[in-house]
Amino acid sequence: MSSRRNFLQKLSIGLSAAALTPLSSPASVFPDLRKPVKQLRVALMGLGGYAGIVARAMKECKLATLTGIVTGTPSKIATWKSNYGIPDKNVYNYDTLHTIANNPEIDLVYVTTPNSLHHKHVLQVAAAGKHVICEKPVADNAQQAREMIAACKKAGVKFYVGYRLHFEPHTRELVRMRKAGEFGNIMHVNNYMGFKIGDPTQWRLKKALAGGGAMMDVGVYALNGARYATGEEPVWVTAQESKTDMVKFAEVDETVTFQLGFPSGVIASCGTTYNFNNYERVYLIGDKGFAELSPAFGYGPIQGRTHLGPMNQPLITHQAAQMDGLADCILNGTPDPGMTGEEGLKDMVVVDAIYESLRKGGEKIYLYKK
Ligand code: NAD
């Protein structure tokens, strides 16, 4: 009985890892169940709202486990230690972070600090010789992203961006169908993501900590989504801005619309805002079909339909799937589905061009010289 239970347990571990395996990796769909399951040991840095969501989700993980924290707020330590069983020796602050290099119980640091600190923190983690996941937006600009990639390469550590949707089943099905030609030639994309922001004193409205406004924070979802909906890299950008509250949005953008031109001739028409809700969609139109995800980018439930009918992909905990999926990439060498630092850099190149277009009154900015 107990060996049957063990077998079923191992099977469920194997199958859930298999369910997360990137589609392009058929060889690893059935991992070798005779091997003990090795886990990626993770420390979370910056114990705010999102770190809490990741930590709770990680309780579902099979291949990743939370073993450490990095925080500048001592009052948070006791709760995190008791909630997640973290020992004192795995608790760090920003001054002791470099000593994480000597800790064999931490393989990776997940940076969930405000945007403009990502560059500094990823460089510090790389210098300590640990793998790193950095939240989106990966940096304030493309130059910072290049420096982060170079630092991780030099240190020989893996560098991923927390683009959790690349492990989300509806999103993956859309990408699979597009790659299989089920939509025919992609003709147009219409993506947007935004919400009405509250507290006017928060760091998201301060340029020095946020790097930018809605575009930096959630516009990157629409942009990243345009890249996975088309499978192409944009060659030009135009952008327009609207600001209705000059006080609240004194330092950062409020509502931005932007257009991306792709080599095939497809135009993605996209938008982002901090000024209203219910603005969240991926809409891809091909000459043989279409796909719509809405909601498309939040924590779920993601909902979708195509020309074939409703999408019936499973509803999952995004952060658990991401952490198990990236652990599988790091531990077992499975290919990642579009979350490397290089993917973050590609988005930052476009974000830089969007802000340049805004500064130049909507001028068309060419990204890659022909
Ligand atoms: P938050 O304000 O809730 O948390 C930020 C944390 O960073 C806090 O614990 C804060 O104490 C800490 N911090 C360290 N140094 C700081 C400093 N100098 N100033 C201010 N705070 C400092 O923010 P959040 O919502 O958790 O966002 C954190 C990051 O995660 C952002 O980059 C954001 O874009 C990203 N995020 C991603 C998702 C996603 O779905 N992938 C969702 C939410 C947030």
S116 (side chain) donor-acceptor with G211 (main chain) under 3.5 angstrom:
yes
Given side chains that start at C-beta, do those of Q319 and M58 come closer than 4.5 Å, heavy atoms only?
no
Within a reach of under 6.0 Å around NZ of K243, are more than 12 heavy atoms found that belong to other residues, nucleotides or ligands?
yes
Ring centres of F183 and F290 under 6.0 Å apart?
no
Under a 4.5 Å cut-off applied to non-hydrogen side-chain atoms, are F195 and T273 in contact?
no
Evaluate the criterion salt bridge (Lys or Arg N to Asp or Glu O under 4.0 Å) for residue pair K346 and E343; output intermediate values, then yes/no.
CA-CA 5 Å; K346 285 176 187 169; E343 292 293 329; 3.7 Å; yes
Residues E292, R305: salt bridge by 4.0 Å N-O rule:
yes
Do E135 and T112 get their side chains close enough for a donor-acceptor pair, meaning under 3.5 Å?
no
Are the charged groups of D107 and K130 less than 4.0 angstrom apart, N to O?
no
Can you check whether H188 and Y283 have ring centres sitting under 6.0 Å from each other?
no
Salt bridge K158-D336, side-chain N to carboxylate O under 4.0 Å:
no
Surrounding CG of N278 (heavy atoms of other residues, nucleotides or ligands, distance under 6.0 Å), is the total greater than 12?
no
Ring-plane angle category for H121 and Y94, please: parallel below 30°, perpendicular beyond 60°, tilted otherwise.
parallel
Assess the pair H166 and Y228: is the distance between their ring centroids shorter than 6.0 Å?
yes
